[in-house]
There are 2 protein chains.
Amino acid sequence: MFSATHNELAKIAKVMAHPARVAILEYISKQENCICNDLVDVIGLSQPTISQHLNEIKKIGLLKGTFEGKNLCYCINQERWEELQQSFHLFFSNINRNCC
Amino acid sequence: MFSATHNELAKIAKVMAHPARVAILEYISKQENCICNDLVDVIGLSQPTISQHLNEIKKIGLLKGTFEGKNLCYCINQERWEELQQSFHLFFSNINRNCC
DNA sequence: ATTTAATATTGCAATATTACGATGATATAT
DNA sequence: ATATATCATCGTAATATTGCAATATTAAAT
């Protein structure tokens, strides 16, 4: 029904459409290391909720690392991060100027 | 519960979190003039649905123009557009590089 | 082998979103 | 004044999202 580009951008935006996920992304991206077990304390939501939010973020490829075992170790997938940045940039950089 | 910045970015992203609204925004931003009465045909959703989506876009200040009468006349509020662009840019431009 | 710590999954309730038909409002044209 | 065209609003159904308690899984430590 909609173009692939529009669907893709909407999908990305949807992940960022919740303050908890914005906060999580910012927190992870600013960590020196990629240990994330304190996310529950930092954000202030329950562990299952955080886990769900992380999963949404993971689904669009924004996280990389090891996802097995007790202590996960993940961080921002920088290549994907820059792809998304580029998607938004492209979207915002085309706008007509002669208007009301 | 979350910071003002996080809430604000999430609010903006929420508006972009639907392909119809992405398509609407792109269409309006690329029009020479700002007559939008053909949006229903272009997008392919019913008139009430388009109206609702437009309202969501309006709520974050992305549209300007005259909103009364038969033929509305609105277009992208360029200043606001650039503000949003900047918000996303700021969000994406801080990321740690030493990671797994 | 048990225990422990960290994360995932399930189930469910509350709420929000999306879409549209029916109807209402408003300005222009006839 | 009446009809028409355009957009808004209301009501409502279907679906999605959000959050958490309870439970399960997993790997390391004891």
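Proteins get letters first, then strands, A, B, ... in listed order; numbering begins at 1 in each. When reading the values below, keep in mind they use all heavy atoms of this one structure, side chains included, and skip hydrogens, waters and symmetry mates.
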Could you check how far [atom1] of [X] sits from [atom2] of [N], rounded to whole Å?
X     : N      : atom1 : atom2 : answer
A:I57 : C:dT7  : CD1   : C1'   : 15 Å
B:L54 : C:dT17 : CG    : P     : 17 Å
B:L39 : D:dA8  : CG    : C1'   : 15 Å
A:I50 : D:dT17 : CD1   : C1'   : 16 Å
A:D41 : C:dA5  : CG    : P     : 14 Å
B:F2  : D:dG19 : CZ    : P     : 6 Å
B:D38 : D:dT6  : CG    : P     : 10 Å

| note | Contacts of A:N55 and B:R21 projected onto DNA chain C by closest heavy atom; the upstream (5') one is A:N55

Could you tell me whether the phosphate oxygens of [N], OP1 or OP2, come under 4.0 Å of any side-chain nitrogen or oxygen in [X]?
X     : N      : answer
B:K58 : D:dA8  : yes
B:H53 : C:dT17 : no
A:K14 : D:dA16 : no

| field | Qualifying salt bridge (Lys or Arg N to Asp or Glu O under 4.0 Å) pairs with a residue from residues 8-18 of chain B, counting only residues at least two apart or across chains | value | B:E8-B:R80

| query | Using the ring of each side chain (for Trp, its six-membered ring), is A:F88 parallel, tilted or perpendicular to B:F92, with breaks at 30° and 60°? | reply | tilted

| Ring geometry between B:F2 and A:H18 (parallel below 30°, tilted from 30 to 60°, perpendicular above 60°) | perpendicular

| DNA chain D contacts made by residues 42-49 of chain A, counting heavy atoms under 4.0 Å | A:L45, A:S46, A:P48, A:T49

| Between B:Q78 and B:E82, a side-chain donor and acceptor under 3.5 Å | yes

| request: Starting at OG1 of A:T5, measure out to CD of B:E26 and round the result to the nearest 0.5 Å. | output: 7.5 Å

| Do B:I28 and B:L63 have side chains that get closer than 4.5 Å, going by heavy atoms? | yes

| note | Sorted by chain and number, sequence neighbours left out, side-chain hydrogen bond (donor to acceptor under 3.5 Å, both in side chains) with B:K59 holds for B:E56

| query | Which nucleotide, D:dG19, C:dA8, C:dT18, lies nearest any side-chain atom of A:Q52? | reply | D:dG19

